[in-house]
Amino acid sequence: MSSVSAYYNGKTVLITGATGFMGKVLVEKLLRSSPDVKAVYILVRPKAGQSMQERVANMLKCKVFDRVREDCPNFHEKIKPINAELTQPKLAISAEDEEELLTRVNIVFHCAATVRFDEPLKHALQLNAMGTQRLLELAQQMQKLEAFIHISTAYANCVRKCIDEIIYPPPAEPKKLFDLVEWLDESIIQDITPKLLGDWPNTYTYTKALSEYLIQQEKGNLNIAIIRPSIVGASWHEPFPGWIDSFNGTSGIFVAAGKGILRTVIANNEAVADMIPVDVVINLTLAAGWYTAVHRPKNMLVYNCTTGGINPFFWGEMEQYVMSTFKRNPLEQAFRTPNAHLTSNYLINQYWITVSHKAPAILYDLYMRLTGRKPRMMKIINRLHKSMMLLQYFSTQSWDWSSDNMNMLMSQLNTEDKKLYNFDVRQLHWSEYIESYCLGAKKYLLNEDMSGIPAAKQHLRKLRNIRYAFNTTLLVIIWRIFIARSQMARNIWYFVVA
Ligand SMILES: CCCCCCCCCCCCCCCCCCCC(=O)SCCNC(=O)CCNC(=O)[C@H](O)C(C)(C)COP(=O)(O)OP(=O)(O)OC[C@H]1O[C@@H](n2cnc3c(N)ncnc32)[C@H](O)[C@@H]1OP(=O)(O)O
Ligand SMILES: NC(=O)C1=CN([C@@H]2O[C@H](COP(=O)(O)OP(=O)(O)OC[C@H]3O[C@@H](n4cnc5c(N)ncnc54)[C@H](OP(=O)(O)O)[C@@H]3O)[C@@H](O)[C@H]2O)C=CC1
C-alpha cells in the first residue's frame with residue numbers, strides 16, 4: 001500500500017506554475033497516482049490574449065495528460081483554476097477565491113518562476129522573490145495547511161563549488177533590494193545590475209538564492225521543504241519516456257545541434273553535466289510533500305535533486321550520445337548534417353563559429369535573397385550565439401552537491417512507494433536516456449512523426465551531395481586561381497595531367 005499516494009487522496013492541493021513544463025508533469029502525476037485527491041487549485045494568469053479559462057482548456061488538451069485521461073477520464077473536474085498574477089499585491093487573487101484557498105488548501109507546491117537568464121532584474125525580483133514572499137504570506141493564513149514545498153534550483157548557490165543542503169547567506173538583503181527597485185528608474189537598474197549580481201551569472205540564479213533566504217527568514221511555523229533540481233530534462237519514464245515541451249536547459253541546444261545549425265559549443269568535455277529527468281524531480285517533490293506533512297521535520301529540509309554525485313555524466317559523453325541519436329534518427333528539414341563538437345578553447349570556438357556558423361548562414365541568406373525569399377539564418381545564428389553565451393557558465397564548470405536528504409527520503413519510502421515515486425537515479429542509464437530525450441524532442445517539441453525518418457535521411461543525403469559539389473567547386477576555383485598565378489602550380493598540374 002502506497003503511503004504517499006494515500007496521503008494525497010482526500011487532500012486539497014494548491015500549485016503555482018501549473019501551466020509550465022514541470023507544473024504540468026506535477027499535476028498529471030498527482031492526479032494519476034492519487035485519483036481521490038479532493039481538488040487541485042492552480043494559479044493561472046491570462047496571457048497572450050487568452051483568458052485563464054481558455055489557457056487551462058488548452059493545457060488540458062496537452063499530450064502530457066493522455067495517460068491520466070485514459071486512467072481517470074474525469075480528472076479535469078478536480079482542477080480548479082484561480083486567476084492570479086504573482087507579481088501583483090495579494091497575487092491579484094479575488095477576495096472570494098482567497099477565502100476558498102484559505103479555508104481548504106492542505107498543501108502548496110510553488111513552481112512558478114521566470115527561468116530566463118536575461119530577465120530584467122526588477123521583473124525577476126518581483127516574480128521569483130516578492131512573488132514567493134506573497135505566496136508565503138497567503139500560506140501563513142491557510143487554516144488547514146500541512147506543508148509548503150518550494151521549487152528552487154541547484155544553481156541558486158552556483159557561486160560555491162560544494163553545495164550542501166542548507167540555506168546560504170543571500171547575495172544581498174532582499175528587502176533593501178525590493179526598496180531599491182521600487183523607486184529606481186528601470187534603465188538605472190539595468191545599468192547597475194552587473195554590480196548587484198556580483199559573482200552570480202544571471203538574474204535567475206540570483207533571485208532564486210534570494211527567495212530561498214526569504215523563505216528561511218519568513219517561514220514562521222509553516223512546514224516547508226525546498227527542492228533544488230539541477231538541469232531538468234525530458235522524462236525518463238512518466239507519463240511517457242522522453243516527454244518534453246520546453247526549449248530551456250539543454251533541449252534547445254539538442255534541437256539546434258540535431259538540425260545541423262549548431263556546430264560548435266563552448267563546454268568542458270570532462271565537466272559534469274548534471275541533468276535530472278523531470279519525472280524524477282516530480283516524484284521526489286511529491287514524496288517530499290508527504291514527508292514534510294506527515295513527519296514534520298523540526299528543521300526545514302532542503303533536497304538537492306541532482307545526479308552528479310550519484311551517477312555522474314559528462315558533457316563529452318552527452319555530445320556523443322546526442323550526435324549518434326540524431327545521425328540515426330534525423331530531424332526533418334535539417335539545415336546541415338548534424339555534426340557538433342565541444343571545445344573549451346575560446347579561439348577554436350570563434351574559428352568554427354566563423355567557418356561553420358556564419359559563413360553557411362551568409363551563403364544561405366544570399367541564396368534566399370536571390371530566390372526572392374526572406375533571409376533568416378543569420379538572425380537564428382545570432383540568437384543562438386546569445387543563448388550559448390548565457391549557457392556556457394554552466395557547461396564549463398562542475399559543482400558538488402550533497403544529496404543526503406534525497407537518500408534519507410528514499411529510505412523512508414516503503415517498497416511500493418519506491419516504485420511508484422522512483423527517484424533513484426542510480427538506475428538511470430545515460431545513453432538510453434539521452435536517446436529517448438532526443439527522440440522526445442523530435443516528437444513532442446517539434447511535432448515530427450517517426451514515420452518521416454526515411455525522408456529525413458534522404459534529405460541528409462541530398463545535403464551531403466550539395467556539400468560534396470560545393471567543396472569540389474571551391475577546390476577547383478582555388479586551384480584555378482593558383483594555377484593562374486604560380487608557375488610552380490602550373491608545372492605540377494602539367495606533370496599530373498601528363
Ligand atoms: C552537441 C550537442 C549536445 C552537447 C551538449 C552540450 C551543451 C552545452 C550547453 C549547456 C547548456 C546548459 C544549460 C544549463 C542550464 C542550467 C541552469 C539551471 C537550471 C535551472 O535552474 S532553470 C531552467 C533553466 N533556464 C533556462 O534554461 C532558460 C535559459 N534560456 C533563456 O534565458 C532564454 O531562452 C535565452 C537563452 C536568453 C534566449 O532568449 P531569446 O533569444 O529571447 O529566445 P526565447 O527563449 O524567448 O525563444 C524564442 C522562441 O524560440 C523558441 N526556441 C528556442 N530555442 C529553440 C530551438 N532550439 N529550436 C526551435 N525553437 C526554439 C522558443 O520556444 C520561443 O518560442 P515562442 O513560441 O515561445 O516565442
Ligand atoms: N526547467 C529547469 O531546468 C529547472 C527549473 N527549476 C525550477 O522549477 C520551476 C518550474 O520551472 P519550469 O517548469 O521549467 O518553468 P516554466 O517557465 O516552464 O514555467 C514557469 C511557470 O511559472 C508561471 N508564471 C510565470 N510568471 C508568472 C506570474 N507572473 N504569475 C503567475 N504565474 C507565473 C508560468 O505561467 P505562464 O504559463 O502564465 O507563463 C509557468 O506556469 C521554477 O521554479 C524553476 O526555477 C529548477 C531547476 C531546473
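Order of listing sets the numbers, starting from 1, for every ligand and every atom in it.
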- Tell me, which residues have any heavy atom less than 4.0 Å from some atom of ligand 2?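 Protein residues near ligand 2 are Gly17, Ala18, Thr19, Gly20, Phe21, Met22, Arg45, Lys47, Arg55, Glu85, Leu86, Thr87, Cys111, Ala112, Ala113, Val115, Leu127, Ile151, Ser152, Thr153, Tyr204, Lys208, Pro229, Ser230, Val232.
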- Message: So that I know where these two stand, are Tyr437 and Trp243 an aromatic pair - ring centroids less than 6.0 Å apart?
- Response: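 Distance test on ring centres: not under 6.0 Å, no.
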Lys/Arg-Asp/Glu bridge criterion (N-O < 4.0 Å) met for [X], [Y]:
X      : Y      : value
Glu28  : Arg67  : no
Glu218 : Lys175 : yes
Lys443 : Asp449 : no
Glu165 : Arg228 : no

If you scan the protein for heavy atoms around [atom], do you find one that is closer than 4.0 Å?
atom                    : answer
atom 64 (C) of ligand 1 : no
atom 44 (P) of ligand 1 : yes
atom 27 (O) of ligand 1 : yes
atom 22 (S) of ligand 1 : yes
atom 68 (O) of ligand 1 : no

Identify the closest protein heavy atom to [atom]: which residue and atom is it, and at what distance?
atom                    : answer
atom 10 (C) of ligand 1 : Ser395 CB, 3.6 Å
atom 48 (C) of ligand 1 : Arg383 NH2, 2.9 Å
atom 13 (C) of ligand 1 : Leu391 CD2, 3.8 Å
atom 58 (N) of ligand 1 : Phe247 CE2, 3.4 Å
atom 5 (C) of ligand 1  : Met318 SD, 3.6 Å
atom 18 (C) of ligand 1 : Tyr155 CD1, 3.3 Å
atom 12 (C) of ligand 1 : Trp315 CH2, 3.9 Å
atom 32 (O) of ligand 1 : Phe117 N, 2.8 Å

May I ask you to list the atoms of ligand 1 that are less than 4.0 angstrom from any heavy atom of [X]?
X      : result
Thr153 : 20 (C), 21 (O)
Asp118 : 37 (C)
Leu390 : 37 (C)
Ser387 : 36 (C), 38 (C)
Val265 : 8 (C)
Ile231 : 14 (C), 16 (C)
Tyr204 : 20 (C), 21 (O), 22 (S)
Ala340 : 1 (C)

- Residue part near ligand 1, for Asn248, under 4.0 Å between non-hydrogen atoms: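 Near ligand 1, Asn248 shows its backbone as well as its side chain.
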Taking the six-membered ring for Trp, are [X] and [Y] parallel (under 30°), tilted (30 to 60°) or perpendicular (over 60°)?
X      : Y      : result
His110 : His150 : tilted
Phe335 : Tyr364 : perpendicular
Phe109 : Tyr8   : tilted

Smallest separation among heavy atoms of [X] and [Y], with atom names:
X      : Y      : answer
Glu332 : Gly452 : OE2-CA, 4.1 Å
Leu31  : Lys78  : CD2-CB, 3.7 Å
Pro360 : Val355 : CD-O, 3.2 Å
Lys208 : Ile151 : NZ-O, 2.9 Å
Ser152 : Glu212 : OG-OE2, 2.7 Å
Tyr204 : Phe117 : CD2-CE2, 3.6 Å

Distance-only N or O hit between ligand 1 and [X], under 3.5 Å:
X      : answer
Gly252 : yes
Gly249 : yes
Ala267 : no
Leu342 : no

- Under 3.5 Å: donor-acceptor pair, side chain of Asn283, backbone of Phe423: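 Checking the backbone N and O of Phe423 against the side chain of Asn283, no donor-acceptor pair under 3.5 Å is found.
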- Is it true that a side-chain atom of Tyr393 and a backbone atom of Met389 form a donor plus acceptor pair closer than 3.5 Å?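 Not at all, since once roles are kept as given, no pair shorter than 3.5 Å links the two residues.
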- Item | Within 45° cone and under 6.0 Å: Lys24 NZ/CZ vs Phe65 ring |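 That pair does not qualify as a cation-pi contact.
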- Query: Would Lys29 count as a cation-pi partner of Tyr421, with NZ or CZ less than 6.0 Å from the six-membered ring centre and within 45° of the ring normal?
  - Reply: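 Cation-pi check for Lys29 and Tyr421: passes.
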- Task: Please say which of Ile224, Leu222, Ile167 ends up in a side-chain contact (heavy atoms from CB on, under 4.5 Å) with Ile215.
- Result: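 That would be Ile224; it is the only one of Ile224, Leu222, Ile167 passing the side-chain contact (heavy atoms from CB on, under 4.5 Å) with Ile215.
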- For atom 19 (C) of ligand 1, the option (of Pro201, Ser230, Gly258) bearing the nearest heavy atom: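 It is Ser230 that holds the nearest heavy atom.
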- Closest to atom 39 (O) of ligand 1 (judged by heavy-atom distance), picking from Arg116, Met323, Lys208: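 Heavy atom nearest to atom 39 (O) of ligand 1 belongs to Arg116.
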- Item | Trace of the ring pair (Phe, Tyr, Trp, His ring centres under 6.0 Å) decision for Tyr155 with Trp401 | CA-CA 10 Å; Tyr155 295 92; Trp401 287 278; 5.2 Å; yes
